[in-house]
Amino acid sequence: MRKGMQKALCAIALIPLLLSGCWQEDLPAEEDTALLPAESSAEAAQAGAHLPECFSLPYAPAQTLDPISCPDGMQQTVASLLYEGLFRLDSHIEPQNLLCGSYTYDAEKPQYVFTLRPGVTFSDGTALTAADVKSTLDRARTSERYGARLAAVTSVSARDDTVTVTLSAPNTGFPALLDIPIVKKGTENSAVPTGTGPYFFSQEEGGAYLIANQSWWQQKERPTERIALEETSSHDAMLYRFTSHDLQLITADLTGTLPVSVTGNVACHDAETTVLQYVGINTARDGLSDPALRRALSQGINRGSIVSAYLSGHGVAAQFPVSPVSPLYPSQLETAYSHDGFTAALAETQLPERTLTLLVNGENSFKVSIASHLAETFTEEGLSVETRVLPWADYTAALAAGDFDLYYGEVRLTADWDLSPLLATGGTLNYGGWSDAQTDHLLALYASAAERGDAMERLCTRLKNQAPILPVCFKSVSVLTQADVVEGLSPTMAEPFYDLSACVIHLKEG
């Protein structure tokens, strides 16, 4: 269903507003949704096209558009048209050079030297400099949004047209972390800093707008010269304006927590993310310390069915903690789901004689449903498991205290696919207490590997054998548009308007 919805028109009820989605650094807010059947083409035609005079996006004028510190959601969507990073992440979550023309890596130091692309100017016509990049990265290192991903950066320096970044440990995937939007030094204290993107911000008597940046170095076609910014002081106001066609695009997490209502002739475009859902295991508990039992539990997870039935297709099944859309995903290691295989594997293990608890965050009905399904599946085969539904604060406290057997978890991984926080001994997200010298060694080898695919395969081979966590899927996030207005949209995890030149916007003539 997920792929089919990419271009399909759908009448949508209870669509959640993306408070965080993938256009932010932290975990997405969790919201609830239900989808109604799609309208037929005849019904859509009968309803008539609602073409606007100007394409409009939601905007909160009281909040900054500085991409380092602006709030998540609508402000990040607007900012994606104003700013660009050294790199951008494509549909495979791979870094592609953008403001960076080339770079070198010295593994001994370890240190990167990034050479800026020549001829890049800001929207005010001034040239992009290494000092601008250094200033932005220095601010990002101490920011709430980007601080964690840049924690290994020990220094940033600028000279001529190069930026040098020194790390505390090797990381051959570091460029994937540098899709951080760059702003002009000296404008960061402005509500709208100056950027190099395809549009620039303009405040006029009739309101706020984005205007096509004639200094844009890419010189590609844009779907419209002018984008109106509609003031939306609340989430309810934004959704109302989208339903009434005052807005033509919003971003949404369709498998989150807070139910809201949007109806109409809407197109849904999914983007794959680094947000992993998985079953965590307290590997020190009786029975669960046995890798054979953990492997058997992994065989009992029908991942494709879970994504289809419980996430309405808004995700991609995964047996390993790297997205299947990434070229690093070791598909050759996958084992096809088999109920008979699960039954046989479980029968060969020593089952605990007690009932196991599976923790789940109660604010998200999708997660609760998946956890309940898994508990029922395991119980039916002789391993007694019951779900324990907790409020978020109690859920996180129980994880921190190790007060669980199993838990259904969600984590946003970084785009360099560093799994150390989740799986290394003492990792900040390693709630299950997994400690394995070979895993730690393979994690370190992957971080420094020139051939990252081979290193990831070796790491995943170990994870498949030991099963310290049981990956289920990677979530998708969605861009919702008025179906008659927007065509050719192909969003990515970080950019709702990734291939801007292929996007077509239909406006009312006259």
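Here the structure is a predicted model, which is why all the values come from computation and not from measurement. Just so you know, residue 1 is the first one in the sequence shown, and it goes up from there.
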field: CA sep, side-chain torsions, deciding dist, call: Phe242, Val266, side chain to side chain contact (heavy atoms under 4.5 Å, CB included)
entry: CA-CA 10 Å; Phe242 182 72; Val266 175; 4.0 Å; yes
query: Can you list the steps and then say if Asn430 with Thr425 is a side chain to side chain contact (heavy atoms under 4.5 Å, CB included)?
result: CA-CA 7 Å; Asn430 185 359; Thr425 300; 5.7 Å; no
message: Under the criterion side chain to side chain contact (heavy atoms under 4.5 Å, CB included), I'd like the reasoning laid out for Leu150 against Leu178: C-alpha separation, chi angles, the key distance, then a yes or no.
response: CA-CA 9 Å; Leu150 297 180; Leu178 293 181; 4.3 Å; yes
task: Start with the C-alpha gap between Tyr310 and Val472, add the side-chain angles, then the distance that decides, and say whether side chain to side chain contact (heavy atoms under 4.5 Å, CB included) holds.
output: CA-CA 12 Å; Tyr310 295 99; Val472 175; over 6 Å; no
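Considering only heavy atoms from C-beta on, Leu500 stays 4.5 Å or farther from Lys220 through its side chain. Within the 4.5 Å cutoff, the side chain of Val307 has no heavy atoms near those of the Val316 side chain. No side-chain heavy atom of Leu374 sits under 4.5 Å from any side-chain heavy atom of Leu297. Within the 4.5 Å cutoff, the side chain of Val486 has no heavy atoms near those of the His269 side chain. Under the 4.5 Å side-chain criterion, counting only non-hydrogen atoms from C-beta, Leu423 is not in contact with Leu459. By the 4.5 Å heavy-atom criterion applied to side chains, Leu346 and Leu293 are counted as neighbours. Side-chain contact between Arg88 and Thr492 is absent, with no heavy-atom pair separated by less than 4.5 Å. At least one side-chain heavy atom of Pro181 sits under 4.5 Å from a side-chain heavy atom of Tyr146.
For Phe378, the ring-ring contact (aromatic ring centres under 6.0 Å, His included) test picks out no residue, with sequence neighbours left out. Legend: residues meeting side-chain contact (heavy atoms from CB on, under 4.5 Å) with Ser384, ordered by chain and number and at least two apart, are Thr355. Taking Asn213 as the reference, Ser123, Phe200, Ser215, Trp216, Arg222 meet the side-chain contact (heavy atoms from CB on, under 4.5 Å) condition, with sequence neighbours excluded. With sequence neighbours left out, the side chain to side chain donor-acceptor pair (under 3.5 Å) criterion links Tyr329 to Glu334. By the side chain to side chain donor-acceptor pair (under 3.5 Å) test, Gln332 pairs with Glu457, sequence neighbours left out. With sequence neighbours excluded, no residue satisfies salt bridge (charged side-chain N to carboxylate O under 4.0 Å, His left out) with Glu381. Residues passing the side chain to side chain donor-acceptor pair (under 3.5 Å) test with Asp246, sequence neighbours excluded: Ser244. In this structure His506 satisfies the ring-ring contact (aromatic ring centres under 6.0 Å, His included) test with no other residue, sequence neighbours excluded. With sequence neighbours left out, Glu94 forms a side-chain contact (heavy atoms from CB on, under 4.5 Å) with Asp90, His92, Gln96, Ser326, Pro327. Residues that satisfy the side chain to side chain donor-acceptor pair (under 3.5 Å) test with Arg226, not counting sequence neighbours, are Glu204. For the side-chain contact (heavy atoms from CB on, under 4.5 Å) test, residues two or more places apart in sequence or in another chain that qualify with Val368 are Val360, Ser372, Val389.
Atom CD1 of residue Ile93 and atom OG1 of residue Thr274 lie 6.0 Å apart, to the nearest 0.5 angstrom. Here the straight-line distance linking atom OH of Tyr498 with atom OG of Ser501 works out to 10.5 Å at 0.5 Å rounding. Taken to the nearest 0.5 Å, the CD atom of Glu188 stands 9.5 Å off from the OG atom of Ser190. Atoms CG and OG1, from Leu247 and Thr481 in turn, are 12.5 Å apart once rounded to the nearest 0.5 Å. The OG1 atom of Thr439 lies 6.5 Å from the CD atom of Gln466; values are rounded to the nearest 0.5 Å. How far CZ of Arg149 is from CG of Leu413: 12.5 Å, rounded to the nearest 0.5 Å.
Asp179 places no side-chain N or O within 3.5 Å of a backbone atom of Pro95 that could act as its donor or acceptor partner. Listed for the Arg241 side chain is no donor-acceptor partner under 3.5 Å among the backbone atoms of Pro58. In terms of modelled atom types and a separation under 3.5 Å, the side chain of Arg294 and the main chain of Ala467 share a donor-acceptor contact. When atom types are taken as modelled, the side chain of Asp405 and the backbone of Thr357 share a donor-acceptor pair closer than 3.5 angstrom. Side chain of Arg452 to main chain of Asp416: a donor-acceptor pair is present (N/O by atom type, distance under 3.5 Å, no hydrogens or angles). Side-chain N or O atoms of Asn364 include one that pairs as donor or acceptor with a backbone N or O of Thr255 at under 3.5 Å. With hydrogens and angles disregarded, no donor-acceptor distance shorter than 3.5 Å links the side chain of Arg412 to the backbone of Thr273. Not one N or O on the side chain of Gln277 forms a donor-acceptor pair closer than 3.5 Å with the backbone of Lys475. Here the side chain of Ser312 pairs no donor or acceptor atom with the backbone of His314 at under 3.5 angstrom. Glu84 places no side-chain N or O within donor-acceptor distance of the main-chain N or O of Leu99, the cut-off being under 3.5 Å.
Pairing each heavy atom of Ile301 with each of Tyr337, the nearest pair is O-CD1, 3.7 Å. Minimum interatomic distance between Pro193 and Leu65 (heavy atoms only, all atoms of both residues): CD-C, 4.3 Å. Pairing each heavy atom of Pro468 with each of Ile281, the nearest pair is O-CB, 3.7 Å. Closest approach of Tyr408 and Ala371 over heavy atoms only: CB-CB, 4.3 Å. Among all heavy-atom pairs drawn from Glu53 and Leu507, the shortest one is O-CD1, 3.9 Å. Across Phe174 and Val153, no two heavy atoms sit closer than the pair CZ-CG2, 3.8 Å.
Each side chain to side chain donor-acceptor pair (under 3.5 Å) pair with one or both residues in residues 56-68, not counting sequence neighbours, appears once here: Asp66-Ser69, Asp66-Arg139.
Ring geometry for Tyr407 versus Tyr395: interplanar angle over 60°, hence perpendicular rather than tilted (30 to 60°).
Under the side-chain contact (heavy atoms from CB on, under 4.5 Å) test applied with Pro67, the options Ile182, Val78, Thr136, Val183 reduce to a single match, Val183.
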